[in-house]
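Step one of this worksheet: look at the structure below.
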Amino acid sequence: MSIDALILLFASYLLGGIPSGLLLGSLRGTDVRQLGSGNIGATNVARTNGIALGVLTLLLDAGKGALAVGLAQLAAPAGDAAVLPALAAVGVVVGHCFPALLKFRGGKGVATVFGAMLLLAPAALLLPLLLFATIAGLSKLISLAAIVAALTLPAGAVLAAEPRAIVAASVLLAAIVIGRHHENIGRLLAGREKPLEIRRDEALPSK
């Protein structure tokens, strides 16, 4: 791996490590790590701080992924335009899920994967997004929808005839997201996973 690729990977990791949900929660005087599931992602922010902050967290987390890939696309050589953006996608998601500043306890990566793949390989998102929307709409189990979407992301990349670097990145991204949902998987198998219930924006979360 070249020095340029290593620098890009590290920069993407640092960008991914910006804790959007934690910062937004702090604006309301809350620490999302101490509320709900304790996760800093959009779902827990929405549950504990209201839909507006949850949606903003989703947009910012997705934006990190898109920004990392977009910058890598600008820097990628004309003859090999897939490798650097694919590395950036993996780097930013790893940074989001395992941020050094938060002792490697970050989000679950769904929104950041979406943002990264939206620029990296938008056609590969069609199947995962369809399944996510269907499952989330019918069951309100966001974790189940995210897991199924992640499982089908590599298939989406293959069906879209993406380059090998992007297919490989999609496999890594799917593995990260599924791994970060290991507790949810346990609760789903035990029938104890709770459907999404969002607090009204004006309500303050209780510990």
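If you're wondering where the values come from, they're calculated on a predicted model, not measured in any experiment. Quick note: numbers below take in every heavy atom, side chains included, and nothing from hydrogens, waters or symmetry partners.
Between the side chain of Lys108 and the backbone N or O of Val177, no donor-acceptor pair lies under 3.5 Å. A donor-acceptor pair under 3.5 Å is formed between the side chain of Arg180 and the backbone N or O of Gly106. Under the 3.5 Å distance criterion, the side-chain polar atoms of Tyr13 are matched with a main-chain donor or acceptor of Ala100. Using modelled atom types, no side-chain atom of Glu162 and backbone atom of Ala168 make a donor-acceptor pair closer than 3.5 Å. In this structure, His181 contributes its side chain and Ile178 its backbone to no donor-acceptor pair below 3.5 Å.
Proximity of Phe10 to Leu14: side-chain heavy atoms (C-beta onward) are separated by under 4.5 Å at one or more points. Side chains of Val69 and Gln73 form a contact here, defined as non-hydrogen atoms less than 4.5 Å apart. Residues Leu67 and Leu15 form a side-chain contact, since some pair of their non-hydrogen atoms from C-beta on lies under 4.5 Å apart. The shortest distance between side-chain heavy atoms of Lys64 and Ser20 falls below 4.5 Å. Within the 4.5 Å cutoff, the side chain of Leu87 has no heavy atoms near those of the Ser12 side chain. Taking 4.5 Å as the limit, every side-chain heavy atom of Leu60 sits out of range of all side-chain heavy atoms of Ile18. Between Leu23 and Leu27, every side-chain heavy-atom pair lies at or beyond the 4.5 Å cut-off. Counting heavy atoms from C-beta outward, Pro77 and Leu84 have side chains that approach closer than 4.5 Å.
A donor and an acceptor atom, one from each side chain of Asn49 and Thr30, are located under 3.5 Å apart. Side chains of Asp61 and Thr112: a donor-acceptor N/O pair is absent below 3.5 angstrom, by distance only.
Summarising the geometry of Ser139 relative to Pro195, their closest heavy-atom pair is O-CB, 4.0 Å, with the distance given to 0.1 Å. Leu102 and Pro19 make their closest contact through CD1-CB, 3.8 Å (heavy atoms, listed as atom of the first residue, atom of the second, distance). Of all non-hydrogen atoms in Ala76 and Pro85, the two that sit nearest each other are CB-CD, 4.1 Å. Here the closest heavy-atom approach between residue Val32 and residue Gly25 is recorded as CG1-CA, 4.5 Å. Across Gly36 and Asn44, no two heavy atoms sit closer than the pair CA-OD1, 3.5 Å. When all heavy atoms are compared, the tightest approach of Ile176 to Phe98 is CG2-CE1, 4.4 Å.
Under the 4.5 Å side-chain contact rule for hydrophobic residues, Val110 and Leu188 do not share a cluster. Tracing side-chain contacts under 4.5 Å through hydrophobic residues (I, L, V, M, F, W, Y), one never reaches Leu74 starting from Ile3; they form parts of separate clusters. Under the 4.5 Å side-chain heavy-atom criterion for ILVMFWY residues, no single connected hydrophobic cluster contains both Leu8 and Leu172. Both Leu119 and Val90 belong to a single network of hydrophobic side chains, linked directly or stepwise wherever heavy atoms of I, L, V, M, F, W or Y lie under 4.5 Å apart. Residue Val94 is not grouped with residue Leu9 when hydrophobic side chains (ILVMFWY) are merged at heavy-atom distances under 4.5 angstrom, including chains of intermediate members.
For the side-chain contact (heavy atoms from CB on, under 4.5 Å) with Leu131, the lone residue among Leu127, Thr134, Leu129 that qualifies is Leu127.
Separating the CD atom in Gln34 from the OG1 atom in Thr48 is a distance of 11.5 Å, to the nearest 0.5 Å. The distance from atom CG of Asn39 to atom OG of Ser143, rounded to the nearest 0.5 Å, is 11.5 Å. Note: Thr57 OG1 to Ile51 CD1 = 10.0 Å, rounded to the nearest 0.5 Å. The distance from the CD1 atom of Ile166 to the CG atom of Leu120 is 4.0 Å, given to the nearest 0.5 Å. Summarising the geometry, atom CZ belonging to Phe114 is positioned 13.5 Å from atom CG belonging to Leu173; distances are rounded to the nearest 0.5 Å. Atom CG of Leu53 and atom CG of Leu24 lie 5.0 Å apart (nearest 0.5 Å).
Residue pairs that meet the salt bridge (charged side-chain N to carboxylate O under 4.0 Å, His left out) test with at least one member in residues 182-192, sequence neighbours left out, are Arg187-Glu193.
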Pairs of donor and acceptor atoms involving the side chains of residues 150-160, under 3.5 Å and at least two apart or interchain, shall be tabulated with distances.
from: Thr152; atom 1: OG1; to: Val148; atom 2: O; distance (Å): 3.2
from: Thr152; atom 1: OG1; to: Ala149; atom 2: O; distance (Å): 3.0

